[in-house]
Asker: 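Sharing a structure here in structure tokens format.
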Amino acid sequence: MEKLTYGTYESTLERSRKLEEDLTKNPANYRVLTGDRPTGRLHIGHLFGSLQNRVRLQNLGVNTFIVIADYQVLTDRDSFEAISDNIRHLTIDYLAAGIDPEGANTFIFPHSHVPELNQLLLPFLTLVTMSELDRNPTVKEEIQAAGLKRINAGMYTYPVHQAADILFCKGNVVPVGKDQLPHLELTRVIARRFNERFAAQKSVFPEPQPLLSKSPLILGLDGSQKMSKSRNNAIMLCSTEDETAALIKKAKTDADRVITYDPENRPEVSNLLMLLSLSTGKTPETLAEEIGEGGSGTLKKALTESLNEYLRPLRKRRAELEQNPDYITQVLTKGIAGARKIAVETLDEVLDVMNMKI
Ligand code: ATP
Ligand code: MG
């Protein structure tokens, strides 16, 4: 069995750039699959790290599938009361950010509602080894961040489930943040091994490629780890302007008075500069120069104003969508039907090549 290697960030960045070029030229050759866990609402790390890329690709005419990974919530937490509410809020966040579910080519669906997708997990689990799952650096990091004492098997196997999420619709582009790269490497290996083992004549699955945004890792306001729904360090898309201001005010910086852009040595300040860059369109280097002696107070004030202004239209659409729960149900129902249609076809093909048809 060919070796699975996790994490070659530089080569992935390069591949991602090439992919970007071809996507613009030949959007019809691609199908996008991405998603989020319904563990809370979306934050600006999602927006800048992945969601904006999804919207852009959708607008280029690429088929877009967005999976809400509800089973995955159970990997690292006990509570499940909020799943349904979170599914609806994620959907609202997507639509507010510009995902257009009215288009014939966009589908939003929770994977629990697509049984044929979930069934792919079973053959896929036989294509990876326990030690490969055990070595996954993102899983290790998440186990540590969640402080888990008793780790369930779902935690180790959810990257395989994610392969089913991507491959059921033969997704070949996955716009993700940096934390997802090991998972995507696993999906590529599963696709390859499946084809080699069961479909040597004619491949069933493509090897999907990650598409990184300009900001593949937005740090949390604590500065030391990625911004995350579950780590209490995020600016949510649904936060009010005052809440946003208060969160930025509390954000960690460092003792150096003059502002410079130096992601390696000054991660906290550089992260704030990157956020300011994303909401103004200026480069972080230019912004650092402009602010310079003004120090972190000036930086935070500028970020609060720019970010609130940048998010204002999105937040307005969000508030309107919240008033229309029936519409959200309709969007999800359509998404589930579209995803299921394709999942049934793929499972049929899979059972056929595995010699399991009766
Ligand atoms: P949780 O804490 O519940 O795991 P999360 O904030 O990590 O939530 P996910 O639903 O796990 O969010 O991730 C959804 C997508 O958003 C993935 O593609 C992931 O790479 C991307 N993403 C999440 N956080 C960031 C971030 N801080 N910067 C860039 N991209 C991010
Ligand atoms: Mg996560």
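Whatever order the structure lists ligands and atoms in, that order sets their numbers, starting from 1. Computed over heavy atoms, backbone and side chain alike; hydrogens, waters and symmetry mates excluded. All values derive from a computational prediction rather than experimental measurement.
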Asker: Minimum heavy-atom separation for T187 and P159, please, with both atom names.
Answerer: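 Closest approach of T187 to P159, heavy atoms only: OG1-O, 4.5 Å.
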Asker: Specify the closest pair of heavy atoms between F205 and T346, including all atoms of both residues, with the distance to one decimal.
Answerer: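 Reported closest heavy-atom pair: CE2-CG2, 3.7 Å.
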Asker: Would you say K178 has any N or O atom under 3.5 Å from an N or O of ligand 1, going by distance alone?
Answerer: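 No: no nitrogen or oxygen of K178 is under 3.5 Å from one in ligand 1.
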Asker: Within the side chain of T138, is there an N or O that forms a donor-acceptor pair under 3.5 Å with the backbone of N136?
Answerer: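 Side chain of T138 to backbone of N136, a donor-acceptor pair under 3.5 Å: no, none is there.
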Asker: Can an N or O of S50 be found at a distance shorter than 3.5 Å from an N or O of ligand 1?
Answerer: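 Such a contact does not occur with ligand 1.
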Asker: Would you please classify the geometry between the F168 ring and the F109 ring as parallel, tilted or perpendicular, with 30° and 60° separating the classes?
Answerer: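 Geometry flag for F168 against F109: perpendicular rings.
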Asker: Name the option, out of P216, A146, G40, that contains the heavy atom nearest to atom 29 (C) of ligand 1.
Answerer: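 Nearest option to atom 29 (C) of ligand 1, by heavy atoms: P216.
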Asker: With respect to S228, determine whether any N or O atom, backbone or side chain, lies less than 3.5 Å from an N or O atom of ligand 1.
Answerer: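 Between S228 and ligand 1 (N or O atoms, distance only) the closest approach is under 3.5 Å.
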Asker: Does R37, backbone or side chain, put an N or O under 3.5 Å from an N or O of ligand 1?
Answerer: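 Yes; the residue has a nitrogen or oxygen that sits under 3.5 Å from a nitrogen or oxygen of the ligand.
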Asker: Taking atom NZ as the centre, does K357 end up with more than 12 heavy-atom neighbours from other residues, nucleotides or ligands that are less than 6.0 angstrom away?
Answerer: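 Correct, the count exceeds 12.
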Asker: Which option wins on minimum heavy-atom distance to atom 19 (C) of ligand 1: L181, V176, D179, T34?
Answerer: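 Going through L181, V176, D179, T34 one by one, D179 has the nearest heavy atom to atom 19 (C) of ligand 1.
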Asker: R54 versus ligand 1: do any nitrogen or oxygen atoms come within less than 3.5 Å of each other?
Answerer: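 So ligand 1 has no N or O lying under 3.5 Å from an N or O of R54.
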Asker: From atom 30 (N) of ligand 1, work out which of P38, S213, G45 has a heavy atom at the shortest distance.
Answerer: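 Result: the heavy atom closest to atom 30 (N) of ligand 1 is in G45.
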Asker: Suppose I only count heavy atoms of H46 and a 4.0 Å limit; which atoms of ligand 1 are within that range?
Answerer: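 Near H46, the atoms of ligand 1 are 5 (P), 6 (O), 9 (P), 12 (O), 13 (O), 14 (C), 15 (C), 16 (O), 22 (N), 23 (C).
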Asker: Examine E142 against ligand 1 and note whether any of their N/O atoms are separated by less than 3.5 Å.
Answerer: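 No, E142 has no N/O under 3.5 Å of an N/O on ligand 1.
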Asker: Using the test ring-ring contact (aromatic ring centres under 6.0 Å, His included), find all partners of Y261 that sit at least two apart in sequence or belong to another chain.
Answerer: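 Y261 satisfies ring-ring contact (aromatic ring centres under 6.0 Å, His included) with no other residue.
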Asker: According to the interplanar angle, ranging from 0 to 90°, do the rings of Y71 and H111 count as parallel (below 30°), tilted (30 to 60°) or perpendicular (above 60°)?
Answerer: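 Answer is tilted, since the angle falls between 30° and 60°.
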Asker: If you count the atoms of ligand 1 from 1 in the order shown, which ones are under 4.0 Å from a heavy atom of S230?
Answerer: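 Contacts of ligand 1 toward S230, numbered from 1: 1 (P), 2 (O), 3 (O).
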Asker: Is G177 close to ligand 1, meaning an N/O of one under 3.5 Å from an N/O of the other?
Answerer: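 Yes - when backbone and side-chain N and O of G177 are compared with those of ligand 1, one distance drops under 3.5 Å.
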Asker: Checking contacts here: is it the side chain or the backbone of R77 that comes within 4.0 Å of ligand 1, counting heavy atoms only? Could be both or neither.
Answerer: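 For R77, the contact with ligand 1 is made by the side chain alone.
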Asker: Does a side chain donor of either R41 or H46 reach within less than 3.5 Å of an acceptor in the other side chain?
Answerer: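 Their side chains do not contain a donor-acceptor pair, so the 3.5 Å distance test is not met.
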Asker: Is there at least one pair of N or O atoms, one from G49 and one from ligand 1, spaced under 3.5 Å apart?
Answerer: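 Looking only at distances, the answer is no, because the N/O contact criterion of under 3.5 Å is not met.
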Asker: Just distances here: any N/O of I218 and N/O of ligand 1 closer than 3.5 Å?
Answerer: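 For ligand 1, there is an N or O atom that lies under 3.5 Å from one belonging to I218.
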Asker: K170: which residues meet the salt bridge (charged side-chain N to carboxylate O under 4.0 Å, His left out) condition with it, sequence neighbours left out?
Answerer: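 In terms of salt bridge (charged side-chain N to carboxylate O under 4.0 Å, His left out), with neighbours along the sequence ignored, K170 is linked to E349.
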